[in-house]
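What follows is one structure encoded as structure tokens, with my remarks underneath.
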Amino acid sequence: MRHVEEEESVLTRCAECGVEFDVERDRGYPFGADAALCFDCAARRGGSYDGVFERWVDPPRLDGLESSD
């Protein structure tokens, strides 16, 4: 019998819309010390994500958002 350990998920709240998501598993855009945008808000703010290389090609605009730098 094989024991499978599940990784603990840490949820982050989107700085724009407030939805909770896992930055490590979902395609959110982290910024600052502990802030992030969900994928939809990052895309609405002009971010462009490359799904093949799994990285943000163009970062979203962060104007008007707060981070705890």
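In what follows, residues are counted from 1 in the order of the sequence shown.
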Under 3.5 Å, side chain of Asp50 to main-chain N/O of Val52, donor-acceptor pair present? yes
Would you say the side-chain atoms of Arg13 pair up with the backbone N or O of Glu20, donor to acceptor, closer than 3.5 Å? no
Taking the six-membered ring for Trp and the single ring otherwise, decide whether the centroids of Phe31 and Trp56 are under 6.0 Å apart. no
Once rounded to the nearest 0.5 Å, what's the spacing between atom [atom1] of [X] and atom [atom2] of [Y]?
{"X": "Leu62", "Y": "Glu16", "atom1": "CG", "atom2": "CD", "value": "10.0 Å"}
{"X": "Leu11", "Y": "Glu24", "atom1": "CG", "atom2": "CD", "value": "11.5 Å"}
{"X": "Asp40", "Y": "Arg45", "atom1": "CG", "atom2": "CZ", "value": "13.5 Å"}
{"X": "Phe21", "Y": "Thr12", "atom1": "CZ", "atom2": "OG1", "value": "5.5 Å"}
{"X": "Leu65", "Y": "Cys41", "atom1": "CG", "atom2": "SG", "value": "9.0 Å"}
{"X": "Ser48", "Y": "Arg55", "atom1": "OG", "atom2": "CZ", "value": "9.5 Å"}

Co-membership, hydrophobic cluster, residues Tyr29 and Val23, 4.5 Å side-chain: no
Identify the two heavy atoms, one from Pro30 and one from Gly28, that lie closest to each other, and give their separation to 0.1 Å. CD-O, 3.4 Å
State, with a plain yes or no, whether a side-chain heavy atom of Leu37 is found less than 4.5 Å away from one of Pro60. yes
